[in-house]
Amino acid sequence: MAHSLKIFCCFFFFFLFSTLSIIPLSHQLEQHPLDSLTPNEFIRVQAIVNQSHPTTINDITFQYIGLNEPDKQALISWLQNHRPTPITAPPPRQAFVIARINHQTHELVVDLSYDNIVSDHIHHGFGYPLFTFQEQNGASQLVFNHAPFLAALNKRGLKVEEVICETFALGWFGETKQNVDLEAMKITHFRDRLVVPVPKAAGTDYRESEQKAPFGPELKGITVVQPDGPSFIIDGSRVR
Ligand SMILES: *[C@@H]1O[C@H](CO)[C@@H](O)[C@H](O)[C@H]1NC(C)=O
């Protein structure tokens, strides 16, 4: 079962990559209103929000930027009138943004046709926006300079270079306290809960040299030929 799954996966990715590399080059398609934002649009959205919210200390972080999907009815009528020649203009292209600006969570809609902010709502309710990569990395590194954490490693007989830290959201338990203040990038609370035996590397079967079929040894190479090309078409962001 696992064996055939592995082969299936090989086939699948082979088809995917062999097709992806050929088709997008052959024809440039016009943008569909549901196409995700382009890298250039991401930068424009940031620039528009930055300009409209000048801060003295670069105090804006973007937690989320994505397409604000057009109104379904507007989309349907555009699709119906669109072919064979475009008669109606596409629905407005907008981005939905969650940003922390001066310690407040903003939910913004940015219009990319007019380069302006359509709505700007400050979130006062429960919950926090997603972590950014910078926040996750920053918080994970912070503990390595925290003496009680280093003492806790020592107590378990671990070296700093044997440990990695990851940043996870606490979830919402109705608590008002947080353990790391990401805006100040400070540890506000440390709790060393329990000591459990740490497994040693020796004698475990996780090593590559211990792997047996179907997880090892490696499968022999395989070649797939499609003389008439694949049976599907990738059309911009659409797969037909
Ligand atoms: C917007 O401001 C943020 C925070 O200062 C900065 O990291 C980002 O590069 C700026 N983006 C643009 C496109 O100006």
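Any value given below was found using the heavy atoms of this structure, including those in side chains, with hydrogens, waters and symmetry copies removed. Atoms within a ligand are numbered from 1 in the order they appear, just like the ligands themselves. The first residue in the sequence is number 1, and the count goes up from there.
In the vicinity of Ile60, heavy-atom distances shorter than 4.0 Å reach the ligand 1 atoms 4 (C). The atoms of ligand 1 that sit less than 4.0 Å from any heavy atom of Ile43 are 13 (C).
For the pair Arg156 (side chain) and Ala152 (backbone), a donor-acceptor distance under 3.5 Å is present.
For the residue pair Val239 and Phe232, the shortest heavy atom distance occurs at CG1-CD1, 4.2 Å.
Aromatic ring pairs are classed by plane angle as parallel below 30°, tilted from 30° to 60° and perpendicular above 60°; the pair His32 and Trp78 is perpendicular.
Considering only non-hydrogen atoms, atom 2 (O) of ligand 1 lies nearest to Asn50 out of Asn50, Ile101, Val45.
Looking only at side-chain heavy atoms (C-beta outward), Val97 and His106 stay at 4.5 Å or farther from each other.
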